Amino acid sequence: MSSNGTLTVTAVDAATPAAGQLHRGDVIIGVNGRLIPQWEDPRVPLGYAIAAAQNKASDGRMTLQLGRDGKIVTAEINLPVTGGYAENWPAECPTSKAIADAAVNYVIAHGDDTFWRDLFLLGCGDAN
């Protein structure tokens, strides 16, 4: 996130649902038809939209409004349906565990070999 509160895409991993939909330099300005006001931290509505999209009712679909090359465009991202969070999340929540496991696997596969990577893995309890 930049200092002015905007979310700018800096990279898109080819193995993610965003591949082919988001481009480097895109600025996320809205989600599911709602533009994000400049005063609002865009990570909050984006997080809620991701969680909502991963419920069976949304069938994994999330729509982003993007600033791209001076125009506003729409991108549909198809996320895996996880069934939502357990009432006591993140404790004993299958969805939370799946997210944490995916983050650990990504960092192991793509992370650099620094103290921060090691600290992250130790904090997750998976320092292999």
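Small disclaimer: the values here were computed from a predicted structure and weren't measured.
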Report task. Could you check L66 against T74 for side-chain contact (heavy atoms from CB on, under 4.5 Å), going step by step and ending with a plain yes or no? Result -> CA-CA 6 Å; L66 309 166; T74 300; over 6 Å; no
Query raised in the report: Does any N or O in the side chain of T82 come within less than 3.5 Å of the main-chain N or O of T95, such that one atom is a donor and the other an acceptor?
Result: no
Query raised in the report: Is V73 reachable from L64 through a run of I, L, V, M, F, W or Y residues, each pair having side-chain heavy atoms under 4.5 Å apart?
Result: yes
Query raised in the report: Does N55 use its side chain to pair, donor to acceptor, with the backbone of A57 at less than 3.5 Å?
Result: no
Report task. Mind listing the closest non-hydrogen atom pair of Q21 and R68 along with its distance? Result -> O-NH2, 2.9 Å
Query - Value rounded to 0.5 Å, distance of CG in N32 from CD in E76 - result: 9.5 Å
Query - Heavy-atom closest contact (L7 atom, R43 atom, distance) - result: CD2-CG, 4.1 Å
Query raised in the report: Do any N or O atoms from the side chain of N78 and from the backbone of R61 form a donor-acceptor pair under 3.5 angstrom?
Result: no
Query raised in the report: Side-chain heavy atoms under 4.5 angstrom apart, residues restricted to Ile, Leu, Val, Met, Phe, Trp, Tyr: same cluster for I72 and I28?
Result: no
Requested in this report: Taking all non-hydrogen atoms of both residues into account, name the closest pair between R24 and T10 and its distance.
Outcome: NE-O, 3.1 Å
Query - Stepwise side-chain contact (heavy atoms from CB on, under 4.5 Å) test for H23 and V12 - result: CA-CA 7 Å; H23 302 148; V12 181; over 6 Å; no
Report summary line: Closest non-hydrogen atoms of A52 and S58, given as atom of the first, atom of the second and distance, are O-OG, 3.0 Å
Requested in this report: Taking all non-hydrogen atoms of both residues into account, name the closest pair between Q65 and V31 and its distance.
Outcome: OE1-N, 3.0 Å
Requested in this report: Evaluate whether atom CD of E92 has more than 12 neighbouring non-hydrogen atoms of other residues, nucleotides or ligands under 6.0 angstrom away.
Outcome: no
Report summary line: Residues A53 and L79: closest non-hydrogen pair is CB-CD1, 3.9 Å
Requested in this report: Measure the shortest side-chain to side-chain distance between I77 and L22 over non-hydrogen atoms and say whether it is less than 4.5 angstrom.
Outcome: yes
Query raised in the report: Does N88 CG have over 12 foreign heavy atoms under 6.0 Å away?
Result: yes
Query - Greater than 12 external heavy atoms within 6.0 Å of L35's CG - result: yes
